[in-house]
Q: 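Here it is: the structure, laid out below.
Residue numbers start from 1 in every chain, and the chains themselves are labelled A, B, ... in the order their sequence lines are given, proteins ahead of strands.
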2 protein chains.
Amino acid sequence: MIDRRGIQRGETGDVAEDAAGSGAPRDASKRRNGARLLGLDGLHGHLGYFLRRAQVSIFQDFIRTLSEIDIRPAQYSVLLVIAANPGLSQSDVSDLLGIERARLVRLLHRIEKRGLVRRLASPIDRRSHSLKLTTAGRAMLKRAKALAAIHEGRLLARLGSANHKMLIDVLRGFSLSR
Amino acid sequence: MIDRRGIQRGETGDVAEDAAGSGAPRDASKRRNGARLLGLDGLHGHLGYFLRRAQVSIFQDFIRTLSEIDIRPAQYSVLLVIAANPGLSQSDVSDLLGIERARLVRLLHRIEKRGLVRRLASPIDRRSHSLKLTTAGRAMLKRAKALAAIHEGRLLARLGSANHKMLIDVLRGFSLSR
DNA sequence: TATTGTTATACTCTATAACTATA
DNA sequence: TATAGTTATAGAGTATAACAATA
């Protein structure tokens with residue numbers, strides 16, 4: 001019989017220990033590390049897998065935490081970048097955050113309709129927009145930052161501050177390396 | 001004028017150095033760390049942001065590397081898990097990998113149509129399927145593993161083996177912690 | 001009553017291609 | 001020619017809700 005609990009549950013206790021030395025190498029993997037790691041053998045060497053699971057889980061918490069103001073991670077990053085660099089063009093934002101120009105169009109429509117951002121005419125290039133936060137946008141960003149800090153605090157507590165810092169340092173370096 | 005290069009480019013050299021001490025704290029952020037970090041100030045405390053960028057970049061490489069056999073990350077993880085635990089039900093796979101049961105249906109349709117997986121009748125529960133790889137599925141997985149190893153090797157070289165191992169350890173622990 | 005596989009819907013996000021108006 | 005913003009399309013993936021068959 002196969003244990004059904006996912007690795008994310010992390011339960012212990014009532015798992016029947018399988019007899020050791022069960023035989024063929026293909027089946028030996030089944031219970032090797034206890035129920036938690038069942039079947040993930042081939043995945044354990046893959047950083048991308050764990051990165052993905054962690055990222056999804058963290059974004060879920062972020063979305064939940066900021067749900068009262070209905071700001072999602074991509075929107076938050078766009079607001080932050082515009083606030084820090086008023087006058088940025090859409091292409092600038094796209095390059096900075098790795099968001100496709102095409103996708104940014106609808107994202108900006110949304111937050112512009114909510115009165116958080118304005119697309120002004122660029123004084124130097126009539127093709128491009130000069131992005132600015134509105135007063136409402138700055139106020140919203142302030143609330144968003146407070147909620148994001150709660151989210152990040154929860155994450156920090158869960159990881160420990162040493163791990164938290166190290167992950168940011170290593171992953172930021174990774175991003176910069178290409 | 002604003003430098004347009006994204007953080008992922010990582011180029012150096014021809015960036016004009018801005019005059020120091022440019023003034024107001026809101027604008028001081030613009031060039032503080034050189035063009036690379038332009039405008040990302042508020043994001044630097046957010047692990048989720050760097051985790052996301054890294055994950056997307058790594059998955060892109062994975063997809064490219066396995067494109068000759070048209071196997072995507074989710075498909076690869078499903079094939080691996082079924083190979084290591086023949087007889088798993090769809091719910092089992094769903095729980096193990098954190099893939100929605102509903103989404104797994106179409107994913108399995110695809111790889112079943114390609115002749116890689118079979119959904120057999122479960123001997124113990126007539127509601128559920130017993131998932132097995134076909135011979136072709138095992139052969140495909142073998143090729144996939146070889147290509148995935150190339151992908152992972154590239155990642156390891158880019159990160160350094162110490163960072164690579166540490167990231168896996170920390171992030172696996174994170175997943176297990178809930 | 002609860003679970004398994006399934007269908008369906010809505011939304012986010014990535015990846016492209018193409019078009020227009022500018023440069 | 002190339003770039004900025006835009007529109008459109010296709011597909012992956014998440015999040016839900018509901019249903020029939022079975023437990």
Q: Please report, rounded to the nearest Å, how far the C1' atom of dA4(D) is from the CG atom of L96(A).
A: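 The distance from CG of L96(A) to C1' of dA4(D) comes to 16 Å, rounded to the nearest Å.
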
Q: For L131(B) and dT4(C), give me the distance from atom CG to atom C1', rounded to whole Å.
A: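 Computing the L131(B):CG to dT4(C):C1' distance gives 12 Å.
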
Q: Could you measure the distance from the OG atom of S89(B) to the NE2 atom of H129(B)? Nearest 0.5 Å is fine.
A: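 Going from OG on S89(B) over to NE2 on H129(B), the span is 10.0 Å.
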
Q: Is it possible for you to say whether L79(A) and I150(A) belong to one hydrophobic cluster, with membership spreading through side-chain heavy-atom contacts below 4.5 Å?
A: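 L79(A) and I150(A): one cluster.
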
Q: Taking the six-membered ring for Trp, is the centroid-to-centroid distance between H46(B) and Y76(A) below 6.0 Å?
A: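 Between Y76(A) and H46(B), which both carry aromatic rings, the centre distance is below 6.0 Å.
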
Q: Less than 4.0 Å between a side-chain N and a carboxylate O, is that true for R118(B) and E112(B)?
A: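 Salt bridge: no.
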
Q: Quickly work out the R72(A) CZ to dC11(C) P distance and round it to whole Å.
A: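 Taking CZ of R72(A) and P of dC11(C), I get 12 Å after rounding.
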
Q: Would you mind classifying the nucleic acid contact of R106(A) as base, sugar-phosphate or nothing, using non-hydrogen atoms under 4.0 angstrom?
A: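 No contact.
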
Q: Choose from dT6(D), dT6(C), dC13(C) the nucleotide whose nearest atom is closest to any side-chain atom of V105(A).
A: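 The answer is dT6(D), which lies nearest to the side chain.
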
Q: What integer distance in Å separates H109(A):NE2 from dA8(D):P?
A: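 So the two atoms are 10 Å apart, to the nearest Å.
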
Q: Take the protein atom CZ of R52(A) and the nucleotide atom P of dT12(C), then report the distance between them rounded to whole Å.
A: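 Rounding to the nearest Å, CZ of R52(A) and P of dT12(C) are 16 Å apart.
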
Q: Please determine whether a side-chain nitrogen or oxygen atom of S91(B) lies at a distance below 4.0 Å from atom OP1 or OP2 of dG5(C).
A: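 Affirmative; the distance criterion is met.
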
Q: For R110(B), I'd like to know if atom CZ has over 12 heavy atoms of other residues, nucleotides or ligands within 6.0 Å.
A: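 No, not enclosed.
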
Q: Please confirm whether the shortest side-chain N or O distance from R119(B) to OP1 or OP2 of dT6(C) is below 4.0 Å.
A: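 Result: yes.
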
Q: Got more than 12 heavy atoms from elsewhere within 6.0 Å of CZ, R119(A)?
A: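 Atom CZ in R119(A) is crowded, with more than 12 foreign heavy atoms closer than 6.0 Å.
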
Q: Below 6.0 angstrom between ring centroids: does that apply to F50(A) and F174(B)?
A: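 No: the rings miss the under 6.0 Å criterion.
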
Q: Expressed in angstrom and rounded to an integer, what is the separation of L120(A) atom CG from dA4(D) atom P?
A: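 One finds 18 Å between P of dA4(D) and CG of L120(A), rounded.
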
Q: Roughly, in whole Å, what's the span from CD1 in I124(B) to P in dA21(D)?
A: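 Rounded to the whole Å, the gap is 22 Å.
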
Q: So, OP1 or OP2 of dT3(D): does either fall under 4.0 Å of a side-chain N or O from Q90(A)?
A: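 So the side-chain polar atoms of Q90(A) never come under 4.0 Å of the phosphate oxygens OP1 or OP2 of dT3(D).
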
Q: So how far off straight is the helix from dT1(C)-dA23(D) to dA23(C)-dT1(D), going by the axes through five pairs at either end, to 10°?
A: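 Axis angle across the helix from dT1(C)-dA23(D) to dA23(C)-dT1(D), nearest 10°: 0°.
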
Q: To the nearest Å, how far apart are Q55(B) CD and dT12(C) C1'?
A: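 Atom-to-atom, Q55(B) to dT12(C), this comes out as 14 Å.
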
Q: Is there any protein nitrogen or oxygen under 3.5 Å from a nitrogen or oxygen in nucleotides 15-22 of chain C, and what are the pairs?
A:
from    : atom 1 : to     : atom 2 : distance (Å)
dA15(C) : OP1    : Q60(B) : NE2    : 2.6
dA15(C) : OP2    : Q60(B) : NE2    : 3.0

Q: Please determine which of L133(B), T134(B), L107(B) meets the side-chain contact (heavy atoms from CB on, under 4.5 Å) test together with V117(B).
A: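 When L133(B), T134(B), L107(B) are each tested with V117(B), the side-chain contact (heavy atoms from CB on, under 4.5 Å) holds only for L133(B).
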
